[in-house]
Amino acid sequence: MCAFVLVAEDDEKQADLIRRYLEREGHTVGVVHDGRAALEQVRRHAPDLLILDVMMPEVDGLGVTRVLRAGPRPGEHPGLGAAPGASTLPILMLTARSTEDDLLLGLDLGADDYLTKPYSPRELMARVRTLLRRAGGTAHLPPPDPDARVLRAGGLVVDERRHEVTVDERRVECTPGEFELLAAMAAEPERVFTRPQLLDRIHGSSGYISARTVDVHVLNLRKKIEANPRAPRRLVTVFGVGYKLVAHHEAGHEAHHEEGHGGAGAEGHTGAAARHEA
């Protein structure tokens, strides 16, 4: 009883090391060495988790993430359409790129977490356990929490047991990180959360994750749950503090307050995340 983890890493020694640590924890592991093969294996075998190196031949890790989350662009990577469920497949990105903009670009495309090389195997396994626990539904995991709730904030519903999000009865696909953030806020509508508080809900107490990753998750969630992501009425910014989920978004005055400050939720944005929103 285990998860199936796909490792996409072009360095064969690194891939073998990751495989051995995963197998030591009881997981079944598939290994590929380029991005095209990673897309094909996801399509054929629907893994529970993808560990994805950024710098790979054929299609790099950023390209793989984009295809899995949004589908290929016309004429690109023919025959490598993602399998059903690939849009919510947990993705742990491995990268030698240490600049914050590079890391945020991966998250902006839909990765759930990242580690910069060199990393410790212990830290890697901790991230794997966290992502699998968030995703739920794999054979090796414990039964669903009997205390799981159905959380509501206006027309937004977060079903913790089914791991589903709906907005005005429309199903919304969320990555595990997005779901965790939304569930935390839906449990306490109208509460203002700081970025560090939300980061702790998503990634725990790891010191390796930038608080700006919360901004990227918020930007991506707004595209999914807001009628107009540039004038949000559900997931709004409280200037200088953080974010809150509005219980009855029809009121919507917070969104106009936010726009009046030039988008306070992105006051710290630079690089990839800011370019994406612009």
Side-chain angles (χ1 to χ4, degrees), residues 1 3-6 42-43 45-50 65-71 81-92 107-113 128-191 193 198-204 213-214 216-229 232-236 243-250:
M1 299 276 281
F4 172 48
V5 181
L6 179 63
V42 169
R43 184 178 67 83
H45 301 295
D48 298 306
L49 171 68
L50 174 61
T65 301
R66 183 184 55 73
V67 171
L68 293 177
R69 295 307 191 220
S87 63
T88 58
L89 168 67
I91 298 175
L92 172 58
L107 291 171
D108 191 39
L109 288 171
D112 294 283
D113 202 352
V128 166
R129 287 190 292 271
T130 297
L131 285 172
L132 288 173
R133 185 179 67 249
R134 277 197 226 147
T138 51
H140 77 292
L141 295 174
D145 183 353
D147 297 324
R149 300 158 293 176
V150 176
L151 308 169
R152 301 177 187 275
L156 175 71
V157 179
V158 180
D159 189 327
E160 291 184 321
R161 183 180 293 273
R162 295 184 177 181
H163 210 272
E164 291 180 355
V165 175
T166 58
V167 176
D168 297 330
E169 300 184 353
R170 172 180 59 86
R171 177 82 175 268
V172 176
E173 297 287 348
C174 294
T175 68
E178 292 166 358
F179 183 90
E180 198 80 4
L181 186 148
L182 205 54
M185 300 185 78
E188 300 181 73
E190 301 293 344
R191 172 183 169 179
F193 289 87
L198 289 171
L199 192 66
D200 186 63
R201 301 295 183 97
I202 302 170
H203 295 287
T213 61
V214 171
V216 177
H217 284 311
V218 167
L219 287 173
N220 288 335
L221 277 169
R222 283 174 172 167
K223 296 170 192 173
K224 299 177 179 182
I225 70 173
E226 299 283 2
N228 180 359
R233 291 175 177 269
R234 297 180 189 274
L235 179 48
V236 302
Y243 300 105
K244 74 173 181 177
L245 196 62
V246 177
H248 300 287
H249 81 282
E250 290 79 8

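The first residue of the sequence shown is numbered 1, and numbering continues consecutively from there. Because the structure is predicted, anything quoted here is derived from the model rather than measured.
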Hey, mind stepping through Glu226 and Arg233 against side-chain contact (heavy atoms from CB on, under 4.5 Å) and telling me if it holds? CA-CA 7 Å; Glu226 299 283 2; Arg233 291 175 177 269; 4.2 Å; yes
Return yes if some donor-acceptor pair links the side-chain N/O of Asp113 with the main-chain N/O of Leu92 below 3.5 Å, else return no.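 Flag not set: sc Asp113 to bb Leu92 has no pair under 3.5 Å.
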Would you name the heavy atoms of Cys174 and Leu221 that are closest together and state the gap between them?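 Scanning both residues, the minimum pair turns out to be SG-CD2, 4.0 Å.
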Indicate every side-chain donor-acceptor pair of residues 150-158 with a distance under 3.5 Å to a residue at least two apart or in another chain.
none

I need the minimum non-hydrogen distance between Leu49 and Ile91, along with the two atoms involved.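 Heavy atoms only, the tightest pair is CD1-N, 4.5 Å.
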Where is the tightest heavy-atom contact between Phe193 and Met185, given as atom of each residue plus distance?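 Distance-wise, the nearest heavy atoms are CE1-CA, 3.8 Å.
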How are the rings of His163 and Phe179 set relative to one another: parallel (under 30°), tilted (30 to 60°) or perpendicular (over 60°)?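 Because their plane-to-plane angle is under 30°, the rings of His163 and Phe179 count as parallel.
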Can you tell me if Arg69 uses its side chain to pair, donor with acceptor, with the backbone of Leu89 under 3.5 Å?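 Yes; at least one donor-acceptor contact below 3.5 Å.
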Over all atoms of both residues, closest heavy-atom pair of Val236 and Val246: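 Of all heavy-atom pairs spanning Val236 and Val246, the closest is CG2-CG2, 3.7 Å.
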Kindly give the heavy-atom pair with the smallest separation between Glu178 and His217, and that separation in Å.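 The pair with the smallest heavy-atom distance is CG-ND1, 3.9 Å.
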Rounded at 0.5 Å granularity, tell me how far CZ in Arg149 sits from CG in Asp159.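 CG of Asp159 is found 11.5 Å from CZ of Arg149.
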Full working for side-chain contact (heavy atoms from CB on, under 4.5 Å) between Asn220 and Asp108: CA-CA 7 Å; Asn220 288 335; Asp108 191 39; 3.5 Å; yes
For a quick test of reading the model, state the closest non-hydrogen atom pair linking Leu182 to Ile225 and the distance between them.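 Result for this residue pair: CD1-CD1, 4.4 Å.
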Backbone N/O of Ala183 and side chain of Glu160: donor-acceptor pair under 3.5 Å: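 Side chain of Glu160 to backbone of Ala183, a donor-acceptor pair under 3.5 Å: no, none is there.
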Between the main-chain N or O of Pro229 and the side-chain N or O of Lys223, is there a donor-acceptor pair closer than 3.5 Å?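 Not confirmed, Lys223 side chain does not pair with Pro229 backbone.
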Checking Arg171 now: which residues fulfil salt bridge (Lys or Arg N to Asp or Glu O under 4.0 Å) with it, not counting sequence neighbours?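 In terms of salt bridge (Lys or Arg N to Asp or Glu O under 4.0 Å), with neighbours along the sequence ignored, Arg171 is linked to Glu164.
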Euclidean distance, Leu181 CG relative to Leu198 CG, rounded to 0.5 Å: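 Between atom CG of Leu198 and atom CG of Leu181 there are 5.0 Å.
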